[in-house]
Amino acid sequence: MPELPEVEVCRKGISPHVLNQTVSDVIVRNAKMRWPITPNIDEMCGEIIIEVSRRAKYLLLKTAKGTLVLHLGMSGTIRVIPKDTIVAKHDHFDLVLTSGVALRLNDPRRFGAVLWLTEDVSEHPLLARLGPEPLLDEFDKGYLFKKSRKKTVPIKTFIMNNHVVVGVGNIYANEALFQAGILPTAPAGKISQKRYNNLTEIIKQVLAKAINQGGTTLKDFTQTDGRPGYFAQSLQVYGRGGEKCLICETRLEEIRQSGRASVFCPTCQKN
DNA sequence: ATAGCAACCTGAGGGC
DNA sequence: TGCCCTCAGGTTGCTA
């Protein structure tokens, strides 16, 4: 389910329920995720969660002793529930709090991750080399232009690369490039400063709007309280291959780039 | 260094 | 009904 907006919606949803709460128990029903769930995760019991933050698509629950790192992969969801709620298929992990509430991770495909790290999280190999956060000022107008010089990779592959900028997944990459009028196949190194300025602004806008609307609900994504996100109705190209462009009525084309579907309008978008 | 893509999984949907 | 194929929000870590 998750691109950056969905993870941020999740962070906001769980935060009031877990911040300053004490962990009473951790329940691992299936440790086989992207990597095995950290065996020493029960060290978390008795700890107080002092910060609920996000870096890229990683959720970070910080305590005095260490940080719980959660990633939702392709199909993960986190619900806030009474701790005795009946367990469903693919409910792999619970973080139980003394308040009687639990965070429950459900992830059919198990591409997600649950890691208890006692070292400095920002130094961890998974997080150390990530690019800037797209919604912060560090992702500024000059950044993409400078970073892309001499790069031949297609622009869509470029903006989806975590080492370039984090959090831009397949849905929002398609949407942002459509709105910026740039073909997803355009070589990153050939795009002008001016168009990068525009693209940067659009990426920020698209992500911010999606967060405000509670994310995009496709198959199984819901907010932590079970409500759907409403950004799906704002999608202009994602999932619309073969349908008409909402601007010019040209038929939208669909291709595959690096194994991912790219949808674009051959009229509105240029190299 | 960089590009392409297999791999990790389950489930849904389409064609036959 | 069943089988086989393709596809899906991500990302690491191979192989060239």
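By convention in this document, chain letters (A, B, ...) are assigned in the order of the sequence lines, proteins followed by strands, and residues within each chain are numbered from 1.
A/R110 pairs with exactly one of A/M74, A/K32, A/H90 by the side chain to side chain contact (heavy atoms under 4.5 Å, CB included) rule, that one being A/K32. The one candidate from A/V28, A/V26, A/I37, A/D107 that meets the side chain to side chain contact (heavy atoms under 4.5 Å, CB included) condition with A/V114 is A/I37.
Contacts of A/T152 with the nucleic acid, taken as non-hydrogen atoms under 4.0 Å apart, involve only primed sugar atoms and P, OP1 or OP2. Nucleic acid contact for A/R34: base, since at least one base atom lies under 4.0 Å from a heavy atom of the residue. Using a 4.0 Å heavy-atom criterion, one finds that A/K89 contacts the sugar-phosphate atoms exclusively. A/Y58 comes within 4.0 angstrom of sugar-phosphate atoms only, judged by non-hydrogen atoms across all strands, and of no base.
With its ring centre under 5.5 Å from that of the base six-membered ring and a plane angle below 30°, A/F111 counts as stacked on B/dC8.
In this structure, A/R240 forms no cation-pi arrangement with A/Y238, as its terminal cationic atom is not both closer than 6.0 Å to the ring centre and no more than 45° off the ring axis.
The P atoms of C/dT6 and B/dC5 are separated by 16 Å, rounded to the nearest whole Å. Straight-line distance between the P atoms of B/dC9 and C/dC14: roughly 16 Å, to the nearest whole Å.
Using a 4.0 Å cut-off between charged nitrogen and carboxylate oxygen, A/R79 and A/D91 do not count as a salt-bridge pair. A/K57 has no carboxylate O lying under 4.0 Å from a charged side-chain N of A/E6, or vice versa, which leaves the two without a salt bridge.
Listed for the A/E8 side chain is no donor-acceptor partner under 3.5 Å among the backbone atoms of A/L4. When atom types are taken as modelled, the side chain of A/Y143 and the backbone of A/V164 share a donor-acceptor pair closer than 3.5 angstrom. A donor-acceptor contact shorter than 3.5 Å is absent between the side chain of A/E243 and the backbone of A/R251.
The stretch residues 253-261 of chain A touches DNA chain C through A/R256, A/R260, A/A261, each having a heavy atom under 4.0 angstrom from the strand.
In this structure, A/R109 does not reach the C/dA8 phosphate: none of its side-chain N or O atoms is under 4.0 Å from OP1 or OP2. Here A/H71 reaches the OP1 or OP2 of C/dT11: one of its side-chain N or O atoms lies under 4.0 Å away. Side-chain N/O atoms of A/H163 include none lying less than 4.0 angstrom from OP1 or OP2 on C/dT11.
As rounded to whole Å, 9 Å separates atom P of B/dT10 from atom NZ of A/K32. In this structure, the CD atom of A/E3 is 13 Å from the P atom of C/dA8, given to the nearest Å.
Candidate nucleotides C/dG9, B/dC9, C/dT12 were compared by shortest atom distance to the side chain of A/N170, and C/dG9 ranks first. The side chain of A/V153 sits closest to B/dA3 out of B/dA3, C/dG10, B/dT10. Looking at the side chain of A/M74, the nearest of the listed nucleotides B/dT10, C/dG9, C/dT12 is C/dG9.
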For DNA chain C, the dot-bracket notation using Watson-Crick and G-U wobble pairs below 3.5 Å, [ ] for pseudoknot-type crossings and | for other-strand pairs, is .|||||||.|||||||
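Contact check for A/H71 versus A/R34: no side-chain heavy atoms found under the 4.5 Å cut-off.
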